[in-house]
Amino acid sequence: NENYKSYTIGTSRSTNDIKPIEKVFTEKKYQEVISIVKNTPDPQPKDHFLAGNAYLETNDIANAIVSFNKCIDKNIAFQTTNYLEDAEYFLAISYLKNKEPKKALPLFQKINHQPLHLYHDKVSTWFIQKIKVAAWKA
């Protein structure tokens, strides 16, 4: 819980740049976000990422994990990095919320070992140690 903070979309100067999914996510209409992604023929990594966060906000951790993994998989398939680091961090958080510290640990270690990772400052060595203890107890 100490490392989890709800995801917020950055602000844009132009309202024309805001997609419908971003608008409803910003309005915290999480069920609508989920519905949009489910009804999108070919969701993009950002769509899966926002759905993952919507699931997290509605405490549907299992589907959050699925969505974050889909975001990561799409990036791998298309050799892109759209929301990849975000998805890695929030996937790790989801694993912790789902009481699966053993699955969270390698993701957090990866973040901790990459100083340029977007979430590096949120994953200290001390935090990694606490995850290791939780994984050992699980």
Side-chain angles (χ1 to χ4, degrees):
N1 282 337
E2 69 190 55
N3 276 51
Y4 175 70
K5 183 179 176 203
S6 294
Y7 179 80
T8 55
I9 295 176
T11 57
S12 173
R13 295 192 198 293
S14 170
T15 54
N16 296 338
D17 294 342
I18 299 173
K19 292 180 171 182
I21 191 170
E22 294 169 336
K23 183 178 185 313
V24 295
F25 186 87
T26 302
E27 295 169 352
K28 299 183 180 193
K29 296 178 182 175
Y30 301 120
Q31 291 301 330
E32 251 184 89
V33 171
I34 293 164
S35 179
I36 288 171
V37 175
K38 283 183 177 179
N39 293 308
T40 300
D42 185 26
Q44 298 303 302
K46 183 176 187 174
D47 300 327
H48 289 300
F49 175 72
L50 292 177
N53 277 285
Y55 283 121
L56 262 183
E57 291 295 328
T58 59
N59 209 32
D60 185 347
I61 309 305
N63 278 316
I65 290 169
V66 169
S67 292
F68 292 131
N69 274 312
K70 284 181 180 178
C71 178
I72 292 168
D73 291 345
K74 282 250 177 165
N75 275 294
I76 291 168
F78 297 129
Q79 297 181 346
T80 60
T81 58
N82 300 324
Y83 294 86
L84 179 62
E85 291 181 345
D86 302 282
E88 290 171 339
Y89 178 76
F90 282 95
L91 175 60
I93 291 290
S94 298
Y95 282 137
L96 285 183
K97 285 183 167 273
N98 208 39
K99 300 185 182 358
E100 297 180 273
K102 289 178 183 174
K103 290 184 178 180
L105 183 59
L107 289 163
F108 283 128
Q109 287 174 321
K110 176 183 177 187
I111 294 167
N112 179 262
H113 288 35
Q114 293 179 343
L116 297 179
H117 195 286
L118 189 59
Y119 292 89
H120 175 77
D121 63 325
K122 295 188 180 302
V123 183
S124 67
T125 304
W126 174 243
F127 181 70
I128 295 289
Q129 290 305 104
K130 292 195 301 189
I131 303 298
K132 284 180 179 179
V133 169
W136 177 75
K137 288 181 178 180

_I want to check something: taking the side chain as every heavy atom from C-beta on, are Phe49 and Leu84 in contact at a cut-off of under 4.5 Å?_
no
*Identify, with sequence neighbours excluded, every residue that meets side-chain contact (heavy atoms from CB on, under 4.5 Å) alongside Gln79.*
none
*Grab the two heavy atoms, one from Phe108 and one from Val123, that are nearest each other, plus how far apart they are.*
O-CG1, 3.4 Å
*Check Ala104 against Ala92 and note the closest heavy-atom contact, atom names and distance.*
CB-O, 3.4 Å
*Can you tell me how far the NE2 atom of His48 sits from the OG1 atom of Thr40, to the nearest 0.5 Å?*
9.0 Å
*Pairing residues for Val24 by the side-chain contact (heavy atoms from CB on, under 4.5 Å) criterion, not counting sequence neighbours*: Glu27, Lys29, Glu32, Val33, Ile36
Give the table of side-chain donor-acceptor pairs shorter than 3.5 Å for residues 114-121, with sequence neighbours excluded, one pair per line with atom names and distance.
| residue | atom | partner | partner atom | Å |
| --- | --- | --- | --- | --- |
| His117 | ND1 | Tyr119 | N | 3.1 |
| His117 | NE2 | Glu88 | OE1 | 2.9 |
| Tyr119 | OH | Asp86 | OD1 | 2.6 |
| His120 | ND1 | Ile111 | O | 3.2 |
| His120 | ND1 | Asn112 | O | 3.2 |
| His120 | ND1 | Gln114 | O | 3.4 |

*For Gln31, does its backbone N or O pair with a side-chain atom of Ser35 as donor and acceptor, under 3.5 Å?*
no
*Could you go through the side-chain contact (heavy atoms from CB on, under 4.5 Å) check for Val37 and Leu50 one step at a time?*
CA-CA 9 Å; Val37 175; Leu50 292 177; 5.8 Å; no
*Could you give the distance from CD1 (Ile21) to CD1 (Ile34), rounded to the nearest 0.5 Å?*
9.5 Å
_Taking Phe90 as the starting point, is it possible to reach Ile128 by hopping between hydrophobic residues whose side chains are less than 4.5 Å apart?_
yes
_Under the side-chain hydrogen bond (donor to acceptor under 3.5 Å, both in side chains) test, residues paired with Asp47 that sit two or more places apart_ = none
*Under the side-chain hydrogen bond (donor to acceptor under 3.5 Å, both in side chains) rule, collect the residues that match up with Asp60, sequence neighbours excluded.*
Asn63
*With sequence neighbours excluded, what pairs up with Lys74 under the side-chain hydrogen bond (donor to acceptor under 3.5 Å, both in side chains) test?*
Asp42
_Closest heavy-atom pair and its distance - Ala87, Ile72_ = CB-CG1, 3.8 Å
_Main-chain N/O of Phe127 paired with Ser124 side-chain donor or acceptor, under 3.5 Å_ = yes
*Spacing of Leu105 atom CG and Tyr95 atom OH [to the nearest 0.5 Å]*: 12.5 Å
*With sequence neighbours excluded, give me every side chain to side chain donor-acceptor pair (under 3.5 Å) pair touching residues 98-108.*
Asn98-Glu100, Glu100-Lys103
*With sequence neighbours left out, write down each residue that passes side-chain contact (heavy atoms from CB on, under 4.5 Å) with Ser94, or none if nothing qualifies.*
Leu56, Ile61, Ala64, Ile65, Phe68
*With sequence neighbours excluded, tell me which residues meet side-chain contact (heavy atoms from CB on, under 4.5 Å) with Thr80.*
Asn75, Phe78, Asn82
*Using side-chain hydrogen bond (donor to acceptor under 3.5 Å, both in side chains) as the criterion, list what pairs up with Tyr83, not counting sequence neighbours.*
Lys46
